[in-house]
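Order of appearance sets the numbers: ligands from 1, and atoms from 1 within every ligand. If you're wondering where the values come from, they're calculated on a predicted model, not measured in any experiment.
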Amino acid sequence: MTKRAFSAFKPTGHLTLGNLLGAIMPAVRLQDEADCVYAVADLHALTVRHDPDRLRARTLEAATLLLACGLDRSLVYIQSRVPAHTELAYLLESTAYFGEMRRMIQFKEKSAGQEEVRLSLLTYPALMAADILLHRVDLVPVGEDQRQHVELTRDLALRFNRLYGQTFTVPEAVHPRLAARVMDLTMPTAKMGKSDGSVAGTIYLLDPPADVRHKIMRAVTDSGTEVRHDPRDKPGVSNLLTLLAACSGRPIDSFAHQTYGALKRETADAVVETLRPVQERYAELSADPAELARTLAAGAAGAVERTADLMVAARRAIGVL
Ligand code: AMP
Ligand code: TRP
């Protein structure tokens, strides 16, 4: 039987090269073998301080970018347009325990030292589990940082099935072989991310080529001069080699640069060439907002239709239907 896949992207900021290599490109490749659904997880962006107008703009930008990156053979939609996500999330909040939510690494990191921690930051993994389980998928292409949340999703699915009868498919995370954790260019020991990294060390998918080159040429490298892949002792150089390999489609050991400068120049070229078609397609799609709106409305309608059965089964099983 054809496998099914689902993943989602939070519009808390502009999408980054980490998103592209860690999850979007693997998702694009999965389209060859699986029936795929991808969403912009705008509800997940409400877990931290946000500005409503900016969220709206970034949600549309992220959805357009997913299509521009090549997810055009999938159903693509905006999470909040499909109410079943929050409906199922509540059933899963009633399946999950406070203790396991509190122990999530991302919750601990994002809540540490904060005075006003939104309750949704704690319950967020139940909503993420709902996103996945709603679609009865086998595969979830995500970066390394989401491994624990997918594990929790599996635990919740198994627990629900055991307590109330077989309802959910138990999914599996799919991580790319390379680039499951792209690091910040200025702090190669921190993840490149919309909120985790620094602007100077993060490449955004819509960065103009000159900015991409500038950021890569100024990337922090390591002491010494030898170009070698060794994430522990040479995190900066290893990150550049990973970007170069992932963007050029060649294995890391096929590169033999003599200097850090040469490595940076070739990496900058490869990243610029990877982003070029995405940016061109983004401009085309953005030029026709009505068509874009139709595509996303069709995606949401498709998702409502595909998830109706599961929602009925889950409500019956837990006793609210
Ligand atoms: P987020 O931007 O946090 O919604 O992440 C969306 C997807 O991109 C998730 O699957 C993340 O694991 C993945 N991702 C985010 N940042 C990185 C990174 N620096 N390296 C690899 N994957 C990433
Ligand atoms: N929580 C994910 C992140 O921060 C985004 C996300 C939301 C997601 N729902 C999902 C990823 C469902 C995979 C499947 O990156």
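Partner of R276 under the side chain to side chain donor-acceptor pair (under 3.5 Å) criterion, chosen from E273, E280, Q279: E273.
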Tabulating one pair per line, provide the atom names and distances (0.1 Å) for every N/O atom of ligand 2 that is less than 3.5 Å from a protein N/O atom.
unit_1	atom_1	unit_2	atom_2	d
ligand 2	1 (N)	Y124	OH	2.4
ligand 2	1 (N)	Q146	OE1	3.3
ligand 2	4 (O)	K10	NZ	2.6
ligand 2	4 (O)	Y124	OH	2.7
ligand 2	4 (O)	Q146	NE2	3.2
ligand 2	9 (N)	D131	OD2	2.7
ligand 2	15 (O)	Q146	NE2	3.1

Between ligand 1 and the protein, find all N/O pairs closer than 3.5 Å and give the distance for each.
unit_1	atom_1	unit_2	atom_2	d
ligand 1	2 (O)	N19	ND2	2.9
ligand 1	2 (O)	K194	NZ	2.2
ligand 1	3 (O)	K10	NZ	3.2
ligand 1	4 (O)	K10	N	2.8
ligand 1	4 (O)	K194	NZ	3.4
ligand 1	5 (O)	N19	ND2	3.3
ligand 1	8 (O)	N19	ND2	3.0
ligand 1	10 (O)	G143	N	3.1
ligand 1	12 (O)	G143	N	2.8
ligand 1	12 (O)	D145	OD1	2.4
ligand 1	19 (N)	V182	O	2.8
ligand 1	19 (N)	M192	O	2.7
ligand 1	20 (N)	V182	N	2.8
ligand 1	22 (N)	G18	O	3.2

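Between the side chains of D131 and H44, at least one donor-acceptor pair of N or O atoms lies under 3.5 Å. Side-chain N/O atoms of S198 and T186 include a donor and acceptor closer than 3.5 Å. For R58 and H50, the side-chain atoms include no donor-acceptor pair closer than 3.5 Å.
The aromatic ring centroids of H229 and F255 lie 6.0 Å or more from each other.
R4 contributes no side-chain N or O that, together with a main-chain N or O of L139, makes up a donor-acceptor pair within less than 3.5 Å. Side chain of Q79 to backbone of D42: a donor-acceptor contact under 3.5 angstrom is found.
Counting heavy-atom neighbours within 6.0 Å of L158 CG, excluding the residue itself, gives a total above 12. More than 12 heavy atoms of other residues, nucleotides or ligands lie within 6.0 Å of CD in E284, so this atom counts as buried by the packing criterion.
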